[in-house]
Amino acid sequence: MELNKWRIQMVMKSLLPIFLALMIGYILIFISGYNANEAFTYLFMGALGGKKQIMNTLFAATPLIFTGLATAISFKAGLYNMGAEGQLYLGAFAAAYLGFSLQGLSPGMHITICLLGGALAGFVFALIPAVIKAYLQVDEMVSTLMLNYVAILYTTYLASYPFRAPGSSNAETINILPTAVLPRFVSESQLHVGFLLALVAFVIIYIMLNKTILGYEITALGKNQHFTEYVGMNVAKKIVIVMTISGILAGLGGAIETLGTHGKFVSGFSPDYGWTGLTIALIGKFNPIGVLAGAFLFGILKNGGSSMEIMVGVPRSLISIIEGLIVLFMTVDMLNKRFSLGTKIKQAIQSLGSSKGSQNNLKQEVN
Amino acid sequence: MSVIEVQEVTKRFGDFTAIDQITLDFAEGEIHAICGENGAGKSTFMNMLFGLLQPTEGQILLHGKPVDFHSPKEAIHSGIGMVHQHFKLVPSLTVFENVLLGEEMTQSLKIDRQREKESVQATIDNFGFDLDAGDKIEAISVGAQQRAEIIKMLHRNVDILILDEPTAVLTPQETDELLDKLIELKNLGKTIIIITHKLDEVKKCADRVTVIRRGKKIGTVYNQDVTEKDISRMMVGRDVSLDFDKKPCTCGDLVLQLNNVTATSKLGKKVLEGIDLEVKQGEIVGIAGIEGNGQAELMELFSGTRKLTDGEMIYKGKKINCCDPAALRKMGFGLVPEDRYRDALNATMSIWENMIAGRHKDYCKLCFFDDKVIRQVTKELIEEYDIRNCDNIDALVSTLSGGNAQKIIMAREISCNPDIMIMSQPTRGVDIGSIEFIHQRIIQLRDEGKAVIVISSELTEIMNLSDRIYVMHKGKIVGERETSQTNKEDIGLLMAGINHQANREVAFSYGT
Amino acid sequence: MKKRVLVGMLVGALALGLVGCGQKKETKETNKDQFKVAMITSEGGLGDRSFNDSGNEGLKQAKEKLNVTTKVVEPGDVSEGETYLSQLAESGMDLVITLDLGHSDVLKKVAKKYPDTQFAIFNTAVEGSNVSSVLFKEQEGSFLAGALSALVTQDTSLEQVNDKKIISFIGGIDSPGINIFLSGFKEGASHIDPEIKVLSGYTNSFADPAKGKETALSQIGQGSDIVFQAAGATGDGVIQAAKQKNVFAIGVDSDQDGIAKGNVLTSVMKRVDNAVYGLVEDGMKKEYQTTYELGLKEKGVELSPMTYTKDLISEDYLKQIEGLREQIISGEIKVKDIRK
């Protein structure tokens, strides 16, 4: 009973910032001279108004589920893997390379190998900061942040020179073979099998965090590292495990983008999936369910936003503003918790009210 | 004539009522002890008197007039001063600078140091304290630091002095001197309120005693009318006994041995020097000492979180110089660290999650937790260790009181069936009832043939439990005694480092 | 309880807003017979003072002069191309133009699905009965820029010019689509003086002005006093570098002379505006060509009017360049197309 009430409160608390952000977005669209009703209709209809729209929204959410989970699991363990973006790029490139170079495989086999390749790339690239963190105490936030540049620039180099598709003006590889392509569900929507893999990843991570020893240890590590060490869990090993799981997830995300969406490695293919994943992990409070919900929310905004632009002409930047506002309001909630802002405001209002009250009393006495 | 009257004061934090309708008065020129177990609400109560907290209901009268302090500054201006358990001093400044911090005497824009020093020294001499206003805080002993804290208040002309657990950091000798000093101050007309849970001290100095239990006032009694036992019964609500009939020690094989162990801090300072120590099966070894003399570092060494730089640590004949906690635990170490919520418990995890920590791997099938078994085991342990308020084992462990939290740690560590149990400050912040229980369990462990090390700054605890006592001072072991052949005074002198270093530090005294 | 009141108030406010809008109902009457054109921008979007802005200019003109409905959209990333192309086709557009090369693969698919809509893509050839590919003869404009640079870099009377016979080129990505500028530029320069040295470098991005500036500064340090850039928004940085070191830059795609007045020698304009306008014109007549190849002759490429620099440059040079232009148009000079 208590727990249920608390859960409802939690959900309400997450919905309120979204609602507020949408409201301000509505007002902004209105004062920018667009038909805000029409814009909002397309925002929701474009994202959720039909089978195809919903599928496209899920498509938009797919990479975000991976990067969101990758970030959430590391943050949950108190490790700040900021390298999801870079791991995503390496995973994407590895999958593309295997996708166009391995010949004569059956589709299932080929896809599996490409996915494993992407996961391995993410794993290896997360292993570096993990090991230097675990055994040399090098701050993982700095190292992963910096390694992003290495990954992104290196893959761009690979796609610009040794592996560039002949004749292409973009930094991109040739197309992967048809056997490596993740099939779509229906041809009208870009949604592909990768989404199911994202759901599988979600379920695995959810169960892992909530039902297994590893999940328990990750939670313990994230909440109190001294404790974790003291009661005899091997902290260094755990750091390596968590960071590499995080890297595997991000690498898989990249591989699935390559195999399902682009059919090749395109430099600059990610509109900051890694960073959006970080945002999602933060607003999802590092909880897999929160991440899933956050990824859908951003999928809705992306897909609905494009439909809003196409149909009503509202610039995409307004959607970015709404996204920013959602994050802002969620942060305010977190600040509230830390500094009990809300209570202070309430007190201020109450004291204002009571001083008014006493003034009234005074007046009455005078009268 | 009462200086302070407290009328039906209540303090709530959210749903939690910390102080429940307490009515109390303090008479002019008395020493009034406030007793209660940890968490009874003593500190909350005093913080309200001192303006750090404001009552939710009720009012406080000072000299018959209602007051409403919103900061300690207002309280001090009205003549109420407080000396906190943890001193609020700046180590790198001198005594007089600390005393006058925030109220510097200035000559135009310049601080007049000479005049400041003289004025503080005048206060010191006036009250007959043994203290030099020009000494730096970091260079003087803990006892002297406390005197500086008291002077800080006296210099501001307070006539009501609140002392929160003033003896926690003092040696027995320093404690006696402090209590004498308090009686002197009382005779000078000051009203003194002393918060403590050490009943022998209450008996020595107090005029009246008020006992608080779970936020409620149990009663106020005249000291001469009651015995220590009476007060402790008021505090706990039942009879307690901390004296045990211990069977004589039947020592077995050597379990752990430290040979000439030295450890240095990151800055290269020696924190432990030439430690020789051993513990056998079926023996409780106590390590006494004033806090901050290397006990914490020694515990870290035992726990594997600090590496020794020289010497050797031998466990069951095997050298174990650089092991991590995981390895030590596998070898049979049970560890109860000093900082409960940093090392031993994960405050934001549930009771059951804390209960199984470290041996959580025993409760799973194929990496998955076996919820049923875990719940069963947790409930059994809760019952066995008489841990209260644990009906909901999904509740956060931080909702438990100090005593119950400590029992969770004890339950967990003992149920791992260790060969050697090492505990640091096992009953700090623990209520008397739980202390009794924990002490019994420790002795039971010994009787089962385990090796036990107890590090504690509570001399009584060391004396009651140990078969053998080592005393630490400045990172060294300065003495070893069989408990049966020593007494508190002997250990107290060792704690002050006296048989070890010449008589320089005998001068730990309050006045002359 | 209080929270519920707050939420209620918010809902109320929103409802009021809705009502307010409902009353103000905008009347953007669109004639059903009107010709509808949509344009998708490429990476960088509007405001690049280059390719996308130029295309937008053409669309604006078409709207004014030809009375058509227009719409410009800016996708967030390349994976959205498919959604944008098909949604625009579905929304009843007659002509959908994409400026993004990255859409070439999906365009093939989408065009087949919407045979009633005409699509157009720039700078690359895509097959399809309802797809027009618009290609520019960039080499011709670059040739003129190279020739002009070769002349100017030897005129040491200009404060922007040093005594070295070095000019340079910065491309976005080392690819045929970009190297065509370089080859034309080189050919033009050596047509004037075979001893002219042409440095070249790539930034690997079309949207990184900082990298552009860095590369340009390095080339200027090596003695180049005229830097020709074909790098989208990255080129902004190149122009900033030229301004900082007081040498010349050469703009690309649109007339960029005004970005740093007096330091942009000229711009090799791809008249995307003319091309877009032409496409709309052809569309209204329903006379699309499968491929448009636009050079100096078709006014698809040309040098900018040099508003801020033509007074600095000796008239003799300008005459020589005009002569070359006519020779190219007449076919007397054939500039090599390395893409073929």
Side-chain angles (χ1 to χ4, degrees), chain A residues 1-7 75-78 134-135 137 203-241 245 285-287 337-338 340 342-344 346-347 350-351 354-355 358, chain B residues 13-14 54 299-300 302-305 323-350 352-371 374 392 394-398 409 412-413 416 418 424:
Chain A
M1 191 53 206
E2 272 290 299
L3 203 67
N4 266 338
K5 209 172 139 191
W6 181 75
R7 276 193 185 139
F75 276 46
K76 183 127 186 149
Y135 299 102
Q137 282 77 45
V203 171
I204 291 175
I205 296 298
Y206 179 83
I207 292 176
M208 195 269 284
L209 278 179
N210 288 295
K211 301 281 172 207
T212 69
I213 299 176
L214 187 59
Y216 168 79
E217 292 179 338
I218 287 172
T219 317
L221 184 62
K223 288 184 166 168
N224 183 345
Q225 189 176 331
H226 292 290
F227 163 82
T228 315
E229 189 181 358
Y230 215 96
V231 298
M233 304 180 199
N234 189 331
V235 171
K237 205 167 114 192
K238 249 54 333 141
I239 289 174
V240 174
I241 291 176
I245 291 179
K285 303 196 164 64
F286 318 141
N287 178 334
K337 236 176 250 161
R338 189 158 301 165
S340 55
T343 335
K344 278 182 192 154
K346 223 189 255 169
Q347 275 173 356
Q350 272 172 0
S351 69
S354 65
S355 72
S358 57
Chain B
F13 298 101
Q54 285 74 44
M299 185 65 202
E300 285 169 7
F302 287 139
S303 320
T305 52
C323 285
D324 54 23
L328 290 175
R329 282 171 180 279
K330 249 178 226 154
M331 287 189 279
F333 274 58
L335 299 167
V336 178
E338 175 182 341
D339 193 336
R340 203 170 294 149
Y341 280 110
R342 191 182 91 127
D343 295 327
L345 293 174
N346 202 334
T348 47
M349 285 176 103
S350 70
W352 70 264
E353 281 172 315
N354 276 286
M355 193 66 110
I356 60 163
R359 54 192 183 122
H360 49 283
K361 284 185 181 152
D362 302 344
Y363 300 120
C364 62
K365 294 176 188 158
L366 294 167
C367 294
F368 288 91
F369 272 141
D370 190 339
D371 264 359
I374 289 172
N392 178 10
D394 289 313
L396 292 184
V397 76
S398 53
I409 302 168
R412 178 179 77 208
E413 298 297 326
C416 285
S424 182

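Proteins come first, then strands; the chains are lettered A, B, ... in the order of their sequence lines, and each starts at number 1.
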query: Pick from B:A344, B:A347, B:P337: which one has the most heavy-atom pairs with chain A under 4.5 Å?
result: B:P337
field: Minimum heavy-atom distance between A:N224 and B:L345, given as atom pair plus value
entry: ND2-O, 3.3 Å
query: Where on B:Y341 is there a heavy atom nearer than 4.5 Å to chain A: the side chain, the backbone, both, or neither?
result: backbone
- prompt: By a 4.5 Å heavy-atom criterion (distance strictly below it), what part of B:R329 contacts chain A: side chain, backbone, both, or neither?
  reply: side chain
- prompt: At their closest point, which heavy atom of A:E229 faces which heavy atom of B:P325, and how far apart are they?
  reply: O-CB, 3.2 Å
message: Between B:S303 and A:Y230, do the side chains contain a donor N or O and an acceptor N or O under 3.5 Å apart?
response: yes
message: Which atoms of B:L328 are under 4.5 Å from chain A, going by heavy atoms: the side chain, the backbone, both sets, or neither?
response: neither
message: Let's go through A:H226 and B:D339 carefully: what are the C-alpha distance in whole Å and the side-chain angles of both, what is the deciding distance for side-chain contact (heavy atoms from CB on, under 4.5 Å) to 0.1 Å, and is it a yes or a no?
response: CA-CA 10 Å; A:H226 292 290; B:D339 193 336; over 6 Å; no
statement: So, the part of A:Q225 with a heavy atom under 4.5 Å from chain B: the answer is neither
message: Assess the residue pair B:F369 and A:T212 against the criterion (side-chain contact (heavy atoms from CB on, under 4.5 Å)); give the C-alpha distance rounded to whole Å, side-chain angles, the decisive distance to 0.1 Å, and a yes or no.
response: CA-CA 5 Å; B:F369 272 141; A:T212 69; over 6 Å; no
- prompt: Which bit of B:D324 is near chain A, if near means a heavy-atom gap under 4.5 Å: side chain, backbone, both or neither?
  reply: neither
field: Engaged part of B:R359 at the chain A interface, taking heavy atoms whose separation is under 4.5 Å
entry: neither
- line: If one checks every heavy atom of A:T219 against chain B at 4.5 Å, the contacting part turns out to be both
message: Within this structure, what is the OG1-NZ distance for the pair B:T348 and A:K223, rounded to the nearest 0.5 Å?
response: 4.5 Å
- line: Applying a strict 4.5 Å limit to non-hydrogen atoms, the region of B:A357 in contact with chain A is both
message: Side chains of B:D343 and A:F227, heavy atoms from C-beta outward: is any pair under 4.5 Å?
response: no
statement: Smallest heavy-atom separation, A:G232 atom then B:A326 atom, equals O-CB, 3.3 Å
- prompt: Which of the residues B:E413, B:K330, B:K361 is involved in the greatest number of heavy-atom pairs with chain A at under 4.5 angstrom?
  reply: B:K361
